[in-house]
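Written below as structure tokens is the structure these notes are about.
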Protein chains: 2
Amino acid sequence: MTQENVFKCNCPLARVTEVIGEPWTLMVLREAFLGTRHFNDFERELGIARNVLSVRLKKLVDLDLLERVRSETDRRAVEYRLTDASRDLLPILVGLAQWSGKWLCEGHSATRFVERATGREIPRIAVRAVDGRELAARDVTMVPGPDANPELVARFERAVTAAGDVQGG
Amino acid sequence: MTQENVFKCNCPLARVTEVIGEPWTLMVLREAFLGTRHFNDFERELGIARNVLSVRLKKLVDLDLLERVRSETDRRAVEYRLTDASRDLLPILVGLAQWSGKWLCEGHSATRFVERATGREIPRIAVRAVDGRELAARDVTMVPGPDANPELVARFERAVTAAGDVQGG
DNA sequence: CATTTTAGGTTGCAATTTGCAACTCATACG
DNA sequence: CGTATGAGTTGCAAATTGCAACCTAAAATG
């Protein structure tokens, strides 16, 4: 079975692996956030193979995470631009970078995220309740949503029965 | 060039692709959050090939994102447990699921994240300034950190010069 | 206006990674 | 003792990646 077929349901995390769960896609999005717009620039900055880059960009455009626009000033050139959907990924990218800096780079981060206006460091991304309280892993649980299929509901029941609800901590 | 070699620096987002930027790893972590602990259960729930699962678990253990513990009650069995580092990934997983539900599943999410105590939906994960204000993409910028190598600093300078600073919006 | 360069790809091929089934090895169960 | 189970490993076919070369249209150059 391939990753894309896991729970053919609308499980959001399964769907997301379609995007960032394959090599290069996350780095391509990072480049786009850094201002890169052109095919050759993505290639040069990342060192990604051109055929793979081609496939990745197509997929991102398909998913409405990049917009492919012909340049007005140079009719050879094409611009890949962030969309509302990909811009909305920013908290995730910041959070991933913070997490990685802490746990994978042992605090030696080569990049920092700061508030543009003040230059102050962005505080750690957190899960908060409606009233603003910060929540720990053990305070959060995953439940089947309105569009869960019976298979997934059964899967959750198994998990709850076997493991005493979601094990966040 | 392979993805892992991009900027051999400590760029946190580049490092993170080593973990979740390859097939299955994110789903394995999701399973762990759902309470799965055993090799055969990961295989059955995800439908992942056993050899690939083996490689993924080894890597996650290497990176201290899972802990491999021999079961006390059954000496054949092994438990893969979340660590402090992987538990700290929760905000990211919640954020990714929220984002995906909104932009990839068109609102038809099969899973929801709720506060365990109250059952109330977790609000959208956001980037906030130190004073708590929510920040948009255009309010955030990436800058070289204390451990950036000259190559990365140059890369940022190019980006700033060429694109008028980081293009978040 | 002929020539060269540039932008954005595609193609072919070798190397790596994945998917699948079968096999191993140690322990548990009956 | 015989069988089943947990946690892998092994071998092989299929898919994906990395690399270099090639292509086409549109600038730029002289």
Side-chain angles (χ1 to χ4, degrees), chain A residues 1-8 14 17-28 31-32 35-62 66-81 158 162-163, chain B residues 1-8 14 17-28 31-32 35-62 66-81 158 162-163:
Chain A
M1 188 196 290
T2 154
Q3 189 183 205
E4 275 71 31
N5 301 335
V6 190
F7 307 141
K8 270 239 170 46
T17 60
E18 218 180 304
V19 189
I20 65 170
E22 63 191 355
W24 291 114
T25 311
L26 198 62
M27 294 304 286
V28 169
E31 276 305 308
T36 300
R37 294 285 175 269
H38 298 284
F39 190 95
N40 287 329
D41 294 336
F42 283 107
E43 187 211 355
R44 187 168 36 77
E45 298 294 352
L46 294 177
I48 182 178
R50 296 175 71 81
N51 50 349
V52 177
L53 176 59
S54 180
V55 172
R56 293 291 182 275
L57 289 172
K58 259 179 205 131
K59 188 162 194 177
L60 286 169
V61 170
D62 261 18
L66 288 178
E67 190 188 5
R68 185 181 184 283
V69 193
R70 285 216 164 283
S71 164
E72 309 236 320
T73 56
D74 182 343
R75 299 202 309 181
R76 294 167 303 177
V78 164
E79 286 191 9
Y80 290 94
R81 295 189 196 150
R158 275 203 305 283
Chain B
M1 187 196 290
T2 153
Q3 189 183 204
E4 275 71 31
N5 301 336
V6 189
F7 307 140
K8 271 238 172 42
T17 59
E18 217 180 303
V19 189
I20 65 169
E22 64 191 353
W24 291 114
T25 311
L26 198 62
M27 292 305 284
V28 169
E31 276 305 308
T36 300
R37 294 286 175 269
H38 298 283
F39 190 95
N40 286 331
D41 294 337
F42 282 108
E43 187 211 355
R44 187 168 36 79
E45 298 294 352
L46 294 175
I48 182 178
R50 296 175 71 80
N51 51 350
V52 176
L53 175 59
S54 180
V55 172
R56 292 293 181 276
L57 289 173
K58 259 178 204 132
K59 188 163 194 177
L60 286 169
V61 169
D62 261 19
L66 288 179
E67 190 189 2
R68 187 181 182 280
V69 192
R70 285 216 165 283
S71 164
E72 309 235 320
T73 56
D74 182 344
R75 299 202 308 182
R76 293 168 304 181
V78 164
E79 285 191 11
Y80 290 95
R81 295 191 197 149
R158 275 204 305 281

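Note on naming: letters A, B, ... go to the chains in the order of the sequence lines (proteins, then strands), and numbering restarts at 1 for each one.
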Nearest-nucleotide comparison on DNA chain D, the residue closer to the 5′ end among Val55(B) and Val55(A):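 Closer to the 5' end of DNA chain D: Val55(B).
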
Tell me: [atom1] of [X] to [atom2] of [N], nearest whole Å?
X        : N       : atom1 : atom2 : result
Glu22(A) : dT17(D) : CD    : P     : 6 Å
Arg70(A) : dT6(C)  : CZ    : P     : 20 Å
Phe39(B) : dA26(C) : CZ    : C1'   : 16 Å
Asn51(A) : dA15(C) : CG    : P     : 16 Å
Leu66(B) : dA7(D)  : CG    : P     : 14 Å
Glu43(B) : dT9(D)  : CD    : P     : 13 Å
Leu57(A) : dT10(C) : CG    : C1'   : 14 Å
Asn40(A) : dT5(C)  : CG    : P     : 16 Å

Does [N] have OP1 or OP2 under 4.0 Å away from a side-chain N or O of [X]?
X        : N       : value
Lys59(B) : dT17(C) : no
Tyr80(B) : dG6(D)  : no
Trp24(B) : dG19(C) : yes
Arg68(A) : dG9(C)  : yes
Arg44(A) : dA7(C)  : no

Intermediate values then yes/no, side-chain contact (heavy atoms from CB on, under 4.5 Å), Asn40(B) and Glu43(B): CA-CA 5 Å; Asn40(B) 286 331; Glu43(B) 187 211 355; 4.1 Å; yes

Compare the minimum distances between each of [options] and the side chain of [X], then state the nucleotide with the smallest one.
X        : options                 : result
Pro23(A) : dT17(D), dG8(C), dT9(D) : dT17(D)
Arg50(A) : dG8(C), dA7(D), dT18(C) : dG8(C)
Ser54(A) : dG9(C), dT9(D), dA7(C)  : dG9(C)
His38(A) : dA7(C), dG19(C), dG8(D) : dA7(C)

Lys/Arg N to Asp/Glu carboxylate O, Asp62(A) vs Lys59(A), below 4.0 Å: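 Judged by the 4.0 Å cut-off on N to carboxylate O distance, Asp62(A) and Lys59(A) do not form a salt bridge.
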
Arg37(A) side chain vs Ala32(A) backbone, donor-acceptor pair below 3.5 Å: yes

His38(A) (side chain) donor-acceptor with Val78(A) (main chain) under 3.5 angstrom: yes

Sole candidate of Val55(A), Asn51(A), Leu57(A) that passes side-chain contact (heavy atoms from CB on, under 4.5 Å) when paired with Leu53(A):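 The passing option is Leu57(A).
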
Side-chain heavy-atom pair Phe39(A), Arg50(A) within 4.5 angstrom cut-off: yes

Exercise: identify the closest heavy-atom pair between Arg81(B) and Glu79(B): NE-OE1, 3.1 Å

Nucleotide-resolved protein contact map, nucleotides 25-30 of chain D, B/S/- at heavy-atom distance under 4.0 Å: BBS---

Non-neighbouring partners of Glu67(B) that pass side chain to side chain donor-acceptor pair (under 3.5 Å), sequence neighbours left out: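 Result, side chain to side chain donor-acceptor pair (under 3.5 Å) vs Glu67(B): none returned.
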
